[in-house]
Amino acid sequence: MNTAVVAATLAVGLGGSSLSFAGPSQEPAGRLTCTDPRAFHDGDTFTCGHEAGFVRVRVAGIDAPETGQGFWRVSRDLLRKRAIPGTVVDCYKVDAYERQVCRVASPTGADIPLELVQTGLAWHSRKYAFEQQPEERERYEAAEALARERELGLWSQSDPQEPTECRALRKQRQKCR
């Protein structure tokens, strides 16, 4: 029986109540070791191949430049260089695009997204800062402040456009910078 039939049957069985069926829910993957990191889309999204398959990872704590924005390739390339076999992802939720949202550490334990912020290749994601531990949030905030002060990476631009602004413009079929 397909999901539309199940949803309709349930709606009728519930006396015609309005019922929304969004499909199967996906659970957070938990802690995984990536044996085959691949498909680096930008500086905050990649695929983690592990012993049981693949998960699409959205790196937690940061927002990297969108494809086509200044420094997006440099950001993506640093993530690709750091997220090597043995990288550990600790996934704690699934986002609206069905990506696993994960803290990401190198095989040596280094905080990869923090390095992206420190080098000026990603913003600290203040929108989701509440998901970080207080010490982690403080490190990311301080790292971004220092990168801005030193004009590193994207902060060397006169007015870098945040990825959230770029995504909003693209939804309106406008170009971002």
Side-chain angles (χ1 to χ4, degrees), residues 26-32 34 37-48 54-84 87-106 109-177:
Q26 193 176 12
E27 294 295 319
R31 177 166 271 172
L32 303 169
C34 302
R38 59 169 67 180
F40 293 85
H41 177 72
D42 55 25
D44 58 27
T45 308
F46 71 101
T47 299
C48 168
F54 292 90
V55 296
R56 191 88 169 129
V57 172
R58 171 60 169 89
V59 179
I62 66 171
D63 203 2
E66 291 294 305
T67 303
Q69 282 191 286
F71 290 91
W72 83 269
R73 287 180 203 262
V74 181
S75 180
R76 178 203 58 199
D77 292 347
L78 181 59
L79 178 61
R80 180 183 289 142
K81 183 177 179 181
R82 297 292 187 255
I84 60 173
T87 293
V88 175
V89 296
D90 188 6
C91 308
Y92 59 90
K93 77 175 194 178
V94 178
D95 73 7
Y97 301 100
E98 297 185 3
R99 299 174 296 189
Q100 296 284 332
V101 179
C102 316
R103 290 178 177 84
V104 181
S106 73
D111 186 335
I112 294 173
L114 179 61
E115 183 178 350
L116 286 158
V117 174
Q118 289 171 328
T119 56
L121 298 177
W123 280 257
H124 171 229
S125 181
R126 284 174 179 72
K127 181 177 179 181
Y128 296 101
F130 70 92
E131 295 178 352
Q132 294 177 299
Q133 296 298 318
E135 314 80 43
E136 181 183 28
R137 185 171 43 249
E138 289 171 15
R139 282 193 308 272
Y140 280 55
E141 288 171 355
E144 183 178 308
L146 189 56
R148 283 177 183 250
E149 180 183 314
R150 294 182 175 170
E151 298 181 350
L152 300 176
L154 58 92
W155 304 114
S156 65
Q157 300 172 341
S158 62
D159 186 24
Q161 183 178 57
E162 290 193 42
T164 53
E165 293 174 30
C166 177
R167 289 189 292 272
L169 286 170
R170 287 183 175 170
K171 282 183 182 178
Q172 300 170 3
R173 300 197 188 282
Q174 296 178 29
K175 291 187 178 186
C176 56
R177 49 183 166 75

Taking side chain as C-beta onward, heavy atoms only, is [X] less than 4.5 Å from [Y]?
| X | Y | value |
| --- | --- | --- |
| Leu32 | Val55 | yes |
| Ser125 | Tyr140 | no |
| Lys93 | Gln100 | no |
| Arg80 | Phe46 | no |
| Ile62 | Tyr128 | no |

Of Arg139, Glu144, Gln132, Arg137, the residue whose pairing with His124 passes side-chain hydrogen bond (donor to acceptor under 3.5 Å, both in side chains):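 Only one option passes, and that is Gln132.
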Under-4.0 Å salt bridge between Arg126 and Glu141: no
Parallel, tilted or perpendicular: ring planes of Trp155 versus Trp123, cut at 30 and 60 degrees: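 Answer is perpendicular, since the angle exceeds 60°.
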Gamma sulfurs of Cys102 and Cys91 within less than 2.5 Å: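 Yes; the two sulfurs sit under 2.5 Å apart.
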Aromatic Tyr97 / basic Arg58 pairing, under 6.0 angstrom, 45° off normal: no
Flag if over 12 foreign heavy atoms under 6.0 Å of CZ, Arg31: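 12 or below, so no.
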side-chain contact (heavy atoms from CB on, under 4.5 Å) partners for Arg170, two or more places apart: Glu66, Cys166, Cys176
Pairing residues for Arg150 by the side-chain contact (heavy atoms from CB on, under 4.5 Å) criterion, not counting sequence neighbours: Leu146, Leu152
Nearest non-hydrogen partners of Gln118 and Ala143, listed with the distance: CG-CB, 3.6 Å
Shortest non-hydrogen contact between Ala64 and Ala122, atoms and distance: CA-CB, 4.1 Å
Expected output: side-chain Gln69 to main-chain Gln161 donor-acceptor under 3.5 Å: yes
Modelled atom types, side-chain donor and acceptor of Gln174 and Gln172, under 3.5 Å: yes
Glu115: side chain to side chain donor-acceptor pair (under 3.5 Å) partners, not counting sequence neighbours: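 Scan of Glu115 (side chain to side chain donor-acceptor pair (under 3.5 Å), adjacent residues dropped) gives Arg82.
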Residue from Asp44, Thr45, Val104 passing side-chain contact (heavy atoms from CB on, under 4.5 Å) with Val57: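 Only match with Val57 under side-chain contact (heavy atoms from CB on, under 4.5 Å): Val104.
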